[in-house]
Colleague: 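Attaching a single structure in C-alpha cells format; questions to follow.
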Amino acid sequence: MTLDAVSKILQAVLLACGKAMTVEQLIAIFGLEDGVNHEQVVQALQTLRVALEGSALELVQVASGFRVQVRAEFGPYVSRLWEERPQKYSRALLETLALIAYRQPITRGEIEDIRGVAVSTQIIRTLQEREWVRIAGHRDVPGRPALLVTTRLFLDAFGLKRLSDLPSLAALRDLDQINAELNLTEAGQNEQNGLMMAKDAQPHDDFQVEEHE
Amino acid sequence: MTLDAVSKILQAVLLACGKAMTVEQLIAIFGLEDGVNHEQVVQALQTLRVALEGSALELVQVASGFRVQVRAEFGPYVSRLWEERPQKYSRALLETLALIAYRQPITRGEIEDIRGVAVSTQIIRTLQEREWVRIAGHRDVPGRPALLVTTRLFLDAFGLKRLSDLPSLAALRDLDQINAELNLTEAGQNEQNGLMMAKDAQPHDDFQVEEHE
Amino acid sequence: MNEPAVHALLQTEMPFALVYGKALTKIPEDLYIPPDALEVFLEAFEGPLDLLLYLIRRQNMDILDIQVAEITRQYMGYIDIMQSMKFELAAEYLVMAAMLGEIKSRCLLPRPRDTQGEDGEDPRAELIRRLQEYERYKQAALDLDALPMEGRDFFVAIATAPIYTRLHAPPEVELDELLLALRDVLKRAELYESHHVGHEGLSLRERMADILQALQEDEFLSFFALFHVEEGRLGVVVSFIALLELIKEGLLDLVQAESFAPIYVRHRRTQTEELAP
C-alpha cells in the first residue's frame with residue numbers, strides 16, 4: 001500500500017471518528033493483508049499533515065493522539081453554528097423598558113411606583129449591557145437616584161429614527177380596543193409567541209407530504 | 001471575500017457541524033460585513049466539491065442540504081473503528097419502513113393489511129426514535145389512526161435528495177391481462193411471466209416532497 | 001395417505017411434493033427442517049403472505065398462476081406441524097389457512113363460465129392481489145437495505161471544532177411586544193392612580209432625551225444649538241421647557257464664561273462626579 005493510500009485511509013478514519021486516535025489505534029484499522037506498520041502510519045500522518053495545508057483543516061497531535069481539527073482562524077464562523085437560540089425577555093423587563101422609553105428620564109423608583117412591584121437590579125443591568133438603556137444623570141433628591149434613558153442603539157434595535165416614532169399612546173388604546181374586539185388578550189400574546197417560535201423551528205418541520213386523494 | 005475564502009469557511013463549518021446544512025443555513029454563518037449571497041455560497045460549494053476530489057472526503061447533496069462525508073470506498077476501514085457490527089435492521093422493520101416511504105401517508109393498520117401481519121409497536125418506536133418516521137397527522141376515521149410519513153433524516157440516512165430518488169417499485173401485474181396471455185401461450189408461461197416482472201414502476205405519484213432550494 | 005389422489009390434484013409435475021405429502025399427516029423423519037428448528041423457521045417468515053410467497057417460489061410457480069390446491073396443502077402442512085408441536089401460532093397464519101381453504105373449495109366448484117358479470121371472477125384474485133402487493137414491498141425493503149446507509153456504508157465527516165468563545169445572541173424584541181408590555185403596565189397602574197399621558201408629554205420628554213443624547217456626544221453644546229428655528233415657535237418653546245426641566249432635575253448646567261459670552265450647556269454629571277466627596 002502506498003504512503004498516499006495509507007494517508008487517505010487515515011484521513012477517512014480520523015474524520016469519520018471525529019476524535020483523537022493514537023498511532024496504535026490507527027494501525028489497528030488496517031488488516032494484516034495491508035501490511036502497514038508503525039513507521040508507515042507515522043509517515044502517512046506526515047503526508048496527511050502536508051495534504052491538509054491550505055485547507056480549513058489541520059492535523060494536530062494532542063494528549064490522546066492525532067486528530068483533524070478545523071483551523072482556529074475559522075472559529076468565529078464555526079461558533080455561529082452553536083449560537084444559543086435567543087431566549088425571550090421576561091415580561092418585567094419589557095415593561096421596564098417600555099416605561100423607560102415612554103417616560104424617560106425616569107428613576108427606578110418611579111418605575112416601581114407605576115409597575116407596583118420592585119424592579120430587579122438584574123433587569124436594569126441587562127438593559128444596560130444590551131446598551132438599550134443608560135444612566136443620563138442623577139435626580140437631585142435624597143438618595144440621588146439614577147435617571148434612566150434609552151439610547152440610540154435602542155432606537156436602532158426597534159427600527160426607529162427618533163423617539164417620537166414610537167407608537168403613540170393613542171395607538172396603544174387602539175390596540176387595546178382591537179384586542180378587546182377580537183377577544184385576544186392573553187391568548188393572543190401566546191399565539192404571537194408561538195408564531196415566533198415556529199419561525200425558529202428547524203427546516204425538518206417544513207417537510208410536508210402532499211396528498212391528493 | 002474571494003470564492004476560495006468562502007469555500008474554505010464552508011469546509012470549516014460543514015466539518016465542524018458534522019451534519020447536512022442548507023444553503024440558507026450556510027449563508028447565515030456569514031456576517032453582514034462579509035456580504036456573501038446565495039449565489040456565492042452555491043459557487044463556493046462547487047469549488048469545495050472540486051477541492052475535495054482526490055481526498056478521502058466528498059461533498060454530497062441530500063434532503064437536508066449539503067454535507068461532507070467520507071467516501072464509501074473507505075467504509076470497510078472506518079467500520080473497524082467500532083467494535084460492534086453496524087446495526088442490521090430486521091426484515092420486519094425494513095418492510096414497514098419501505099411501506100411508509102412508498103405509501104406515505106399511511107396508517108399502521110394499512111401497513112398491517114399489506115404485510116398480512118401485526119406491526120410491533122417497537123418497530124414504529126425505533127423508526128421514530130431514529131427520526132426516520134414521524135406522525136404527520138391523523139386520518140379522519142373512527143379511532144383517528146396516526147398517519148406516518150418519512151422525514152428528511154430518513155432521506156439523509158440513505159443519501160437521497162428526495163423521495164423520488166428511492167428505487168422504483170415493482171409494477172403490479174393485472175390478473176385478467178396475464179390470464180389472457182396465458183390462454184394464448186400455454187407453453188413456456190413461466191419464463192414469460194418471469195420476464196414481465198419488470199421493475200419499472202415509479203414510486204407512487206401521489207406523494208411529493210416539497211423542496212425549498 | 002393416497003398418493004395418486006394427491007397427484008391428481010396437481011396440475012404440474014412436482015416430484016418433491018411427495019415429501020410434503022407425508023408431512024400432512026405426521027412429522028416426517030426426513031423433513032429437511034429439524035423439528036426443534038421449526039420455531040426458528042417460522043420466525044424467518046414475516047407472516048403468512050411471506051410463507052406463501054416462499055412456497056410459491058420454491059415450486060417456480062408464478063403468483064398469477066398460483067395453484068391454490070397445492071399451495072394450500074403445503075401451507076396446511078406447516079400449520080399442522082406447528083399446532084401438533086403446541087407451537088403458539090400467530091393468529092394471522094390461521095386466518096390465512098381459512099382463507100386458503102375457502103379459495104380452494106371455490107376453485108374446485110365448476111366455474112360458471114357463461115354467466116356475465118363478476119360471478120366469473122377468479123376466486124384466487126384477491127389472494128393474488130395481496131401476494132403481489134406484499135411482494136413488491138418485500139422487494140422494496142430489500143432495495144432499501146441495498147442502498148448505502150449512513151453509519152453502515154458511509155460516514156459523515158466531522159472534525160474537532162476550534163476553541164472559540166461562543167457568541168450569545170441576545171433575544172429579539174418586537175415593537176409590538178414593547179407596546180403590549182406598556183399597555184399591561186399602564187393598565188395595572190390605573191389601579192393605583194389615574195394617568196394622563198398625552199402626546200405633549202411625550203414630545204417634551206422626547207426633547208429632553210434628545211438634549212441628553214446630544215450632550216452624550218459632545219460634552220459641551222452651544223445654548224443656541226439646542227433650538228431649531230425651523231420648528232417654529234412651539235418647537236422652540238418645547239426645547240426651552242425641556243432645557244429648564246433638565247436643569248431643574250439637576251441634569252444640566254448652563255455655563256457662561258462672562259457677560260454676553262456664548263452660553264453653553266453641559267452635563268452636570270461630569271461636574272458632580274468631579275466634586276463628589
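Naming: A, B, ... by sequence-line order, numbering from 1 per chain.
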Colleague: Look at the side chain of C/D62 and the backbone N and O of C/L64, then say whether any donor-acceptor pair between them is shorter than 3.5 Å.
Modeller: yes
Colleague: Hey, does C/D65 have a side-chain heavy atom less than 4.5 Å from the side chain of C/R124?
Modeller: yes
Colleague: So that I can tick it off, tell me whether A/R144 and A/D140 are bridged by a salt bridge, with the cut-off set at under 4.0 angstrom between side-chain N and carboxylate O.
Modeller: yes
Colleague: Examine whether an atom of A/L14 lies under 4.5 Å from a heavy atom of chain C, and if so say whether it belongs to the side chain, the backbone or both; otherwise answer neither.
Modeller: backbone
Colleague: Less than 4.0 angstrom from a charged side-chain N to a carboxylate O is my criterion; do C/R129 and C/E126 meet it?
Modeller: yes
Colleague: Given that the side chain runs from C-beta out, which part of A/R139 has a heavy atom under 4.5 Å from chain C: side chain, backbone, both or neither?
Modeller: both
Colleague: Measure distances from A/T151 to the heavy atoms of chain C and classify the residue's part below 4.5 Å as side chain, backbone, both or neither.
Modeller: backbone
Colleague: Tell me, side chain or backbone of A/L147 under 4.5 Å from chain C's heavy atoms, or both, or neither?
Modeller: side chain
Colleague: If I measure from the heavy atoms of chain C, does A/L99 come under 4.5 Å with its side chain, its backbone, both, or neither?
Modeller: both
Colleague: Nearest 0.5 Å, please: how far is OH in C/Y93 from CG in C/L51?
Modeller: 6.0 Å
